[in-house]
Amino acid sequence: MPRISTLRITRSHKIATAVLVAAGSVTAITATGGPSEAQTTATRSSVSVETVAAAGIPTAKDAAEKAAKENAAKALAEKATAKKAAEKERSDKQAANRSTERKAVTPKKYANNLDGWIRESLDIMEKKNIPGSYEGLHRNIMRESSGNPNAVNDWDINARNGIPSKGLLQVIQPTFDAYHVKGTPKKLTDPVANITAAANYAADRYGSIDNVDSAY
């Protein structure tokens with residue numbers, strides 16, 4: 001009898017245990033088989049974001065693409081502006097060069113008289129850094145030749161030596177050759193060449209034609 005009782009208890013226990021285990025398995029399967037509340041919430045959230053984005057609100061990617069396009073457009077505009085400025089500067093320089101060339105081609109005109117000869121000589125002297133003034137040149141010219149570009153001294157020592165003084169400032173040929181100013185005619189009696197050569201000689205010997213007030 002005791003053995004039978006023990007056997008029944010044991011079998012009952014096993015049956016109960018099996019039932020509990022079976023029940024637990026079902027619960028476990030039930031718990032793991034369906035989506036959790038967190039998963040459901042995440043799914044809902046994802047659906048909501050996609051719906052908002054589709055409704056017209058830009059995403060971070062859209063904003064980045066828009067900024068990139070705006071920056072590219074700005075860079076192109078700046079490049080176009082810089083190119084336009086460079087072209088204008090180049091055009092202005094070309095215009096300035098053409099203007100300079102026109103001025104260089106058009107020589108200054110001087111009267112073909114004593115006043116014109118002196119003024120042309122003074123302009124050449126200024127470029128060559130030869131000192132002298134209108135008054136100094138005019139005063140010495142009037143004393144030496146009375147303003148006659150073809151005047152010749154045929155009586156002094158130079159004339160007796162075969163090298164007479166000639167021109168507005170009565171210059172002998174050796175002096176003219178030594179002090180001739182480049183850019184003027186190589187002719188002793190040419191008015192402008194005679195004046196500038198004499199002024200160049202006077203500057204070397206006396207400091208300036210302005211310092212000459214007698215035969216030199």
Side-chain angles (χ1 to χ4, degrees), residues 77-216:
E78 291 176 349
K79 186 177 180 180
T81 301
K83 183 179 179 181
K84 187 175 181 181
E87 290 176 350
K88 185 178 184 303
E89 183 179 0
R90 183 166 56 253
S91 177
D92 291 344
K93 286 183 179 180
Q94 290 175 347
N97 290 337
R98 286 194 294 270
S99 178
T100 301
E101 290 172 0
R102 284 196 295 270
K103 289 180 180 179
V105 170
T106 306
K108 186 177 180 180
K109 293 184 178 181
Y110 302 91
N112 188 28
N113 54 31
L114 183 58
D115 177 74
W117 301 331
I118 292 175
R119 293 186 185 283
E120 184 175 356
S121 296
L122 285 170
D123 285 344
I124 296 171
M125 289 163 59
E126 181 179 6
K127 293 177 182 178
K128 302 294 183 178
N129 295 316
I130 300 172
S133 66
Y134 186 101
E135 188 279 329
L137 291 173
H138 187 270
R139 171 167 44 82
N140 281 284
I141 287 170
M142 296 308 293
R143 187 189 68 252
E144 294 290 334
S145 65
S146 299
N148 179 10
N150 296 311
V152 178
N153 184 323
D154 56 4
W155 56 267
D156 66 3
I157 187 64
N158 291 318
R160 291 196 294 271
N161 290 332
I163 48 172
S165 301
K166 297 180 181 181
L168 291 172
L169 282 169
Q170 292 294 283
V171 183
I172 60 176
Q173 191 67 51
T175 300
F176 178 82
D177 292 340
Y179 289 93
H180 171 260
V181 177
K182 187 176 180 179
T184 63
K186 287 188 175 182
K187 181 181 178 182
L188 179 58
T189 56
D190 178 86
V192 175
N194 187 280
I195 292 172
T196 53
N200 195 23
Y201 165 74
D204 182 47
R205 186 164 183 180
Y206 304 103
S208 171
I209 190 70
D210 294 349
N211 298 329
V212 178
D213 200 21
S214 62
Y216 63 112

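Listed for the S145 side chain is a donor-acceptor partner under 3.5 Å among the backbone atoms of L168. Distance alone, capped at 3.5 Å, is enough to place a donor-acceptor pair between the N153 side chain and the D156 backbone. Q170 places no side-chain N or O within donor-acceptor distance of the main-chain N or O of I141, the cut-off being under 3.5 Å.
Closest approach of T196 and M125 over heavy atoms only: CG2-CG, 4.2 Å. Shortest non-hydrogen contact noted between P191 and P149 is CG-CB, 3.9 Å. Minimum interatomic distance between I209 and A199 (heavy atoms only, all atoms of both residues): CB-CA, 4.5 Å. Looking at every heavy atom in both residues, V171 comes nearest to A198 through CG2-CB, 3.7 Å. Residue G132 comes nearest to L122 through the heavy atom pair O-CD2, 3.7 Å, listed as atom of the first residue, atom of the second, then distance. Considering all non-hydrogen atoms of both residues, N194 and L188 come closest at ND2-O, 2.9 Å.
Remark: D213 pairs with R139 by the salt bridge (charged side-chain N to carboxylate O under 4.0 Å, His left out) rule, at least two apart or across chains. Contacts of K88 classified as side chain to side chain donor-acceptor pair (under 3.5 Å), with partners at least two apart in sequence or in another chain: D92.
For the atom pair M142 CE and N148 CG, the distance stands at 10.5 Å (nearest 0.5 Å). Of the inter-residue distances, the one linking I118 atom CD1 with L137 atom CG reads 6.0 Å to the nearest 0.5 angstrom.
By the 4.5 Å heavy-atom criterion applied to side chains, N150 and K166 are not counted as neighbours.
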Can you give each donor-acceptor pair under 3.5 Å made by side-chain atoms of residues 158-165, sequence neighbours left out, with the distance rounded to 0.1 Å?
| residue | atom | partner | partner atom | Å |
| --- | --- | --- | --- | --- |
| R160 | NH1 | W155 | O | 3.0 |
| N161 | ND2 | I157 | O | 3.2 |

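Residue pairs meeting the salt bridge (Lys or Arg N to Asp or Glu O under 4.0 Å) criterion with at least one member in residues 180-206: none, sequence neighbours excluded. Counting only residues at least two apart or on different chains, the ring pair (Phe, Tyr, Trp, His ring centres under 6.0 Å) pairs with a member in residues 162-187 are F176-H180, Y179-Y201. Applying the side chain to side chain donor-acceptor pair (under 3.5 Å) test to residues at least two apart or on different chains, the pairs with a partner in residues 113-124 are K108-D123, Y110-D123, N112-W117, D115-R119, D115-Y134.
Side chains of S133 and D210: a donor on one and an acceptor on the other come within 3.5 Å.
By the 6.0 Å contact criterion, CD on Q173 is enclosed, its count of non-hydrogen atoms from other residues, nucleotides or ligands being greater than 12.
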